[in-house]
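Let me begin by presenting the structure, written as structure tokens, before commenting on it.
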Amino acid sequence: MPSSHLLIPGSERSEFHVTPKRIADIAPDASSMPTLALAGVTREGIPASPGIVIGPVRVLRMEVPTVSHGGIIPAEEVEAEIARFHEARAAVREQILRLQADTRTSLGEIEAQIFEPQLMMLDDVEVVDGTVSYIRENHLSSERAFEWRVLEWEAQWSHTAHPMVIDRINDLKDLQGRILRKLMGLPEPDLSSLFGTDEKVIVVARDLTPSVAAQLSPHRVLGLVTDEGTRTSHSSILTRSLHIPCVVSVDGLSGDINDGDELILDGRAGLVVINPTGADKQHYQELDFQIREWEQELLLLAHLDSTTQDGARIDLRANIDLPGEAEDARSHGARGIGLFRTEFLVVGRNALPPEEEQYRAYRQVLQAFPNEPVVIRTYDLGGDKFPAFLHLPKEENPFLGWRAIRLCLDEPDLFRGQLRALIRASAYGDVRIMLPMVTTLSEVERSRALIEETREQLAAEGYDVSRRARIGAMIETPAAALIAESLADHVDFFSIGTNDLVQYTLAVDRGSARLAHLYNPFHPAVVTLLNHVATVGLKKGIEVAVCGELAAHPLGAFMLIGMGIPSLSVGPAALAEIKKVIRSMYQSKAREAVVSLLGATTPEEILRILWEQLRSDVDLKRFGGLSNLWGSG
Ligand code: PEP
Ligand code: MG
């Protein structure tokens, strides 16, 4: 059985954990849905780069070198050992700068920036001084001292499941391998020799460091699968730039597979089939063909309006994590940006990002959308996304702790710098400043006051502040949803972050695999809150948007439109599919569905009502990505 989850294309961990059995309950004619009776062993992961490929496996085992035990040096060698460590750092800096320059030439500036966190870690005081003090005080060799320091950092970070932090650990490991190889006199792995023959292969690895990913050649590598990793990791970003299909987080695959085994890799659905039969291969070849046809159709859709059959115009915008993704969003038909996450500017950094760098990042997105709204979220830090320079205290419950707007209001240097950059960038377009994790009215009032003060300061310095950025609150806590009516008097818009709203409403950690079956955005409690916020927005005349993953789910989008929500924001990969749903559906039917589902008592009942209203208008079987919607047959 290939898949037991309801998959949402383009989402981070794309599953709402609706089992096929429950789908069969929801959709009485599920027997007519596409079924995959695969004979090969199928394993699920996270889709990281789209495309279907079939080919032989090459397992890459690129471990960090093992440092031998012992490693104690005589006192008189301490200074020389410290010098040796600094020489290794200098040599590794040269290596990374070379790789960065090559990547800039072959792939571009954004991809080259991927090596910045490693260059910064190389100079990080905590890493450098920590290592030096282990050499000086404990008489450890450079290898041992550096390894200890890295292990300490890793331990500090490894309690988290957050993609952005996991990504930094991967950068750190990349750097660790380089420094240790340099200190131990080992050569850097030569990728061209790893591939030996001219045969094209699917590379399987435990994880891939950005340095290795940047060297993958699409001429030799058909696809990539890793046991670990996230969709936002630097390696995943690179595979997308290289157009190499990729699935990450396929637990333990590299240990279960051998060189020469055959694999089907479906980078869009996020799954692999090990040693497929002829019938499996034929099935996937046909699917590949259908998806390519479908993608051609989607390109045509990009320029069409997102208007329902009965004339309701929906603003369909994109969620992006990096400025470079704005162009992609535009070419996939986004009418603006509904969520630009800005944490990439600070996570993994050891100093506040310069205002100029922030300003350029925001301006880059506005240049892609000069005439459309660009909603930029202020730093959503804390929880488990923390820049080293903030020295966050250890908290018992970080997700209920010092985070997002709470943290920004307490750290005026950080917040003011971001606001200055945002207000300066607003001269280039319709910037909308969005405050994350709001729970009280005073957070909005204090933020507004700071924004106004910053604007006046910039005006006094001679900047153009004539375009006033709108200010909005994210509704991602039950508290914010329940006080929406009073919040609405103080903001220009709401954007519902369903990813967090579900977690806080249901008291279910959104990253917990064990609790994943309880994380359900169609839970009646969540649906009631969503409907309340939508109703308040309509009554108060302020825009309500949804930027959580629920908007990227066909039944979710249908429901939200039925609640009267006029704006949805989804990942670029889901844009065309959601546009297709919008263009095929009737808002009147969605409204009827919402009226009946508000009395429902279970998520299954809600899904069934939505499905029954939508099915006559939307041929879900036609959706390349949505063939996944129904799991297996
Ligand atoms: C959300 O919580 O729904 C959201 C969009 O923000 P993030 O996923 O970045 O927490
Ligand atoms: Mg959130």
Side-chain angles (χ1 to χ4, degrees), residues 8 10-16 46 160-167 230-232 316-322 325 329 334 337-347 374-386 398-408 432-439 443 472-481 493-512 519-523 526-527 529-530 533-534 544-553 556-557 559-560 565 567-575 578:
I8 304 138
S11 64
E12 171 57 42
R13 171 61 87 166
S14 310
E15 35 199 319
F16 282 160
I46 297 174
T160 177
H162 197 283
M164 199 166 280
V165 181
I166 296 172
D167 297 347
T230 69
R231 193 182 64 84
T232 48
L316 189 56
R317 301 177 191 150
N319 294 349
I320 57 170
D321 297 331
L322 297 168
E325 292 170 355
I337 296 296
L339 167 63
F340 178 18
R341 295 181 172 97
T342 55
E343 294 77 43
F344 75 97
L345 284 161
V346 282
V347 172
V374 173
V375 180
I376 305 180
R377 180 175 73 184
T378 57
Y379 294 131
D380 187 9
L381 297 169
D384 50 11
K385 283 176 278 184
F386 48 86
F399 284 99
L400 304 178
W402 193 51
R403 51 168 307 206
I405 193 64
R406 302 170 184 174
L407 185 154
C408 279
R432 303 188 180 184
I433 300 175
M434 179 156 79
L435 311 171
M437 264 280 290
V438 166
T439 54
E443 286 160 348
M474 273 192 93
I475 305 292
E476 46 186 354
T477 62
F493 65 93
F494 287 150
S495 185
I496 309 179
T498 54
N499 306 342
D500 276 317
L501 185 63
V502 173
Q503 127 164 306
Y504 291 125
T505 304
L506 303 181
V508 174
D509 179 345
R510 65 192 256 191
S512 163
Y519 184 93
N520 194 326
F522 295 100
H523 187 294
V526 177
V527 170
L529 288 177
L530 292 171
V533 178
V544 177
V546 173
C547 61
E549 291 294 342
L550 183 61
H553 185 296
M559 176 175 78
L560 296 168
I565 289 174
S567 173
L568 303 179
S569 190
V570 303
L575 278 167
I578 293 303

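Start at 1 and go down the list; that is how both ligands and their atoms are numbered. Here the structure is a predicted model, which is why all the values come from computation and not from measurement.
From R317, atom CZ reaches atom CG of L568 across 9.5 Å, with rounding to the nearest 0.5 Å. In this structure, CE on M437 lies 9.5 Å from CZ on F399, to the nearest 0.5 angstrom. Atom-to-atom distance recorded for L322:CG and F344:CZ is 6.0 Å, nearest 0.5 angstrom. To the nearest 0.5 Å, atoms NE2 (H553) and OG1 (T498) are separated by 11.0 Å. Expressed to the nearest 0.5 Å, how far CG of L506 lies from NE2 of H523 amounts to 5.0 Å. The structure places CD1 of I337 at 8.0 Å from CG of N319, a figure rounded to the nearest 0.5 Å.
The side-chain hydrogen bond (donor to acceptor under 3.5 Å, both in side chains) search around N499 returns none, not counting sequence neighbours. For D380, the side-chain hydrogen bond (donor to acceptor under 3.5 Å, both in side chains) criterion is met by R377, R403, not counting sequence neighbours.
Each of T477, L501, I496 was scored for a side chain to side chain contact (heavy atoms under 4.5 Å, CB included) with L529, with one residue passing: L501.
Excluding waters, the protein N/O/S atoms found under 2.8 Å from the Mg ion (ligand 2) are E476 OE1, D500 OD2.
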Distances only, to 0.1 Å: what are the N or O pairs between ligand 1 and the protein that fall under 3.5 Å?
{"from": "ligand 1", "atom 1": "2 (O)", "to": "E476", "atom 2": "OE1", "distance (Å)": "3.0"}
{"from": "ligand 1", "atom 1": "2 (O)", "to": "D500", "atom 2": "N", "distance (Å)": "3.0"}
{"from": "ligand 1", "atom 1": "2 (O)", "to": "D500", "atom 2": "OD2", "distance (Å)": "3.1"}
{"from": "ligand 1", "atom 1": "3 (O)", "to": "G497", "atom 2": "O", "distance (Å)": "3.4"}
{"from": "ligand 1", "atom 1": "3 (O)", "to": "T498", "atom 2": "N", "distance (Å)": "3.1"}
{"from": "ligand 1", "atom 1": "3 (O)", "to": "N499", "atom 2": "N", "distance (Å)": "2.7"}
{"from": "ligand 1", "atom 1": "3 (O)", "to": "N499", "atom 2": "ND2", "distance (Å)": "3.3"}
{"from": "ligand 1", "atom 1": "6 (O)", "to": "R377", "atom 2": "NH1", "distance (Å)": "3.1"}
{"from": "ligand 1", "atom 1": "8 (O)", "to": "R341", "atom 2": "NH2", "distance (Å)": "3.0"}
{"from": "ligand 1", "atom 1": "8 (O)", "to": "N499", "atom 2": "ND2", "distance (Å)": "2.9"}
{"from": "ligand 1", "atom 1": "8 (O)", "to": "R510", "atom 2": "NH2", "distance (Å)": "2.8"}
{"from": "ligand 1", "atom 1": "9 (O)", "to": "R341", "atom 2": "NE", "distance (Å)": "2.7"}
{"from": "ligand 1", "atom 1": "9 (O)", "to": "R341", "atom 2": "NH2", "distance (Å)": "3.4"}
{"from": "ligand 1", "atom 1": "9 (O)", "to": "R377", "atom 2": "NH1", "distance (Å)": "3.0"}
{"from": "ligand 1", "atom 1": "9 (O)", "to": "R377", "atom 2": "NH2", "distance (Å)": "3.2"}
{"from": "ligand 1", "atom 1": "10 (O)", "to": "D500", "atom 2": "OD2", "distance (Å)": "3.0"}
{"from": "ligand 1", "atom 1": "10 (O)", "to": "R510", "atom 2": "NH1", "distance (Å)": "2.9"}

